[in-house]
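Before any comments, here is the structure.
Side-chain atoms are counted along with the backbone in the values below, which use heavy atoms only and exclude waters and symmetry mates.
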Amino acid sequence: MYRSRVFRGDMLSPPGQQQQGEQELATKMLQIQSKRFYLDVKQNRRGRFIKVAEIGADGRRSQIFLALSTAAEFRDHLSTFSDFYASLGPPNPENVPEDGKLKSEMMIKDNRRYYLDLKENSRGRFLRVSVSQTITRGGPRSQIAIPAQGMIEFRDALTDLLEEFGTDDGGFKGELPEGRHMRVENKNFYFDIGQNNRGIYMRISEVKTNFRTAITVPEKSWARFRDIFADYCEKMKEGGEKVSVAGGSEAGPNAK
DNA sequence: GCGGCTA
């Protein structure tokens, strides 16, 4: 069983107040055995996605993110996995496959790989979903385990959300800002906005007659670049006396 | 009332 809510008003709320322009469009909670799963449909400027959070009985938390298109793929896999699970006999302690993987699938979205493994251990059977290419900065682990008995319930909840919000990831679709050119004395700078499978970026190129170099700045960090730049502008305005810009956590080329 | 073979 699950409970659900849909937020209408939040879709219209100005970006920035929640999670830096991230809106929660709907949420469902399902209790599967000792675990709770939260399925949150969210949206930011990159598009729509579902955050799946697993809360263990002890309060331990892990979560994965799925683009809506990937969530749809996952939903279809869940049907296949639960069919397969239903066809299985009782666990046989003698006949365990390598690493206990009864059935596996993989999904790829941009630079992420999602591994779906139906596994079994002494506690029973479960579907492990793990995500590779994850920047693990002390955050929750990108891996969840759904008890096999709950796969159908999970699929149905996912289906409800996908029926309401569709399977279109949305986000930018080639509507990136125009590039710009700036000339400073004998130097030329170009600002180009691009997009690849890792996301949106700005390419800043310095072009002289026989010299060209460029840096690529992920969209995620534009604001921080701007802040640092602005900070230096301020510092230089204050006068040439004690010019010292607090470095903070932003490391220079010689910092360790 | 869990619990999912590490970094």
[X] [atom1] to [N] [atom2], straight-line distance once rounded to whole Å:
{"X": "A:E54", "N": "B:dC2", "atom1": "CD", "atom2": "P", "result": "13 Å"}
{"X": "A:Q31", "N": "B:dG1", "atom1": "CD", "atom2": "P", "result": "12 Å"}
{"X": "A:R123", "N": "B:dC2", "atom1": "CZ", "atom2": "P", "result": "9 Å"}
{"X": "A:D58", "N": "B:dG1", "atom1": "CG", "atom2": "C1'", "result": "11 Å"}
{"X": "A:R36", "N": "B:dG3", "atom1": "CZ", "atom2": "P", "result": "16 Å"}
{"X": "A:Y85", "N": "B:dG4", "atom1": "OH", "atom2": "C1'", "result": "14 Å"}
{"X": "A:I32", "N": "B:dC2", "atom1": "CD1", "atom2": "P", "result": "16 Å"}
{"X": "A:Q149", "N": "B:dG4", "atom1": "CD", "atom2": "P", "result": "16 Å"}

inquiry  = Once you apply a heavy-atom cut-off of 4.0 Å, does A:G56 come out as touching a base, just sugar-phosphate, or nothing?
reply    =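 Since no nucleic acid heavy atom lies under 4.0 Å of A:G56, the category is nothing.
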query = What residues form a side chain to side chain donor-acceptor pair (under 3.5 Å) with A:Y85, not counting sequence neighbours?
reply =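 Testing A:Y85 for side chain to side chain donor-acceptor pair (under 3.5 Å), a comparison that skips the adjacent residues, returns none.
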message = Going by the rule side chain to side chain donor-acceptor pair (under 3.5 Å), which residues pair with A:N188 if we only count those two or more places apart in sequence or in a different chain?
response =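 Side chain to side chain donor-acceptor pair (under 3.5 Å) check on A:N188 returns A:H181.
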message = Looking at A:F84, I'd like to know if the NZ or CZ of A:K103 sits under 6.0 Å from its six-membered ring centre while staying within 45 degrees of the ring's axis.
response =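 Pair A:K103/A:F84 counts as cation-pi.
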key: Check: B:dG4 base within 3.5 Å donor-acceptor of A:E120 side chain   =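 A donor-acceptor contact between them is absent.
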message = Once hydrogens and angles are ignored, does a donor-acceptor distance under 3.5 Å link the base of B:dG4 to the side chain of A:K35?
response =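 Looking at the base of B:dG4, it does pair with a donor or acceptor on the side chain of A:K35 (distance under 3.5 Å).
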ask   = Is A:K28 paired with A:D160 through a side-chain N to carboxylate O contact shorter than 4.0 Å?
value =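 Looking at A:D160 and A:K28, the cut-off is met.
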key: Of all pairs that satisfy salt bridge (Lys or Arg N to Asp or Glu O under 4.0 Å), the ones with a partner from residues 58-71 of chain A, not counting sequence neighbours   =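 Output for this query lists A:D58-A:R60.
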Contact under 4.0 Å: A:R60 side-chain N or O vs B:dG4 OP1/OP2 =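 True: A:R60 side-chain N/O within range (under 4.0 Å) of B:dG4 OP1/OP2.
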Side-chain atoms of residues 68-77 of chain A: list all donor-acceptor pairs with protein atoms under 3.5 Å, sequence neighbours left out, distances to 0.1 Å.
from: A:S69; atom 1: OG; to: A:D169; atom 2: OD1; distance (Å): 3.2
from: A:S69; atom 1: OG; to: A:D169; atom 2: OD2; distance (Å): 2.7

Report, one pair per line, the protein and nucleotides 5-7 of chain B atoms (nitrogen or oxygen only) whose separation is under 3.5 Å.
from: B:dC5; atom 1: OP2; to: A:K119; atom 2: NZ; distance (Å): 3.1

request  = Could you list the residues that satisfy salt bridge (Lys or Arg N to Asp or Glu O under 4.0 Å) with A:R212, not counting sequence neighbours?
outcome  =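 Expected list: none.
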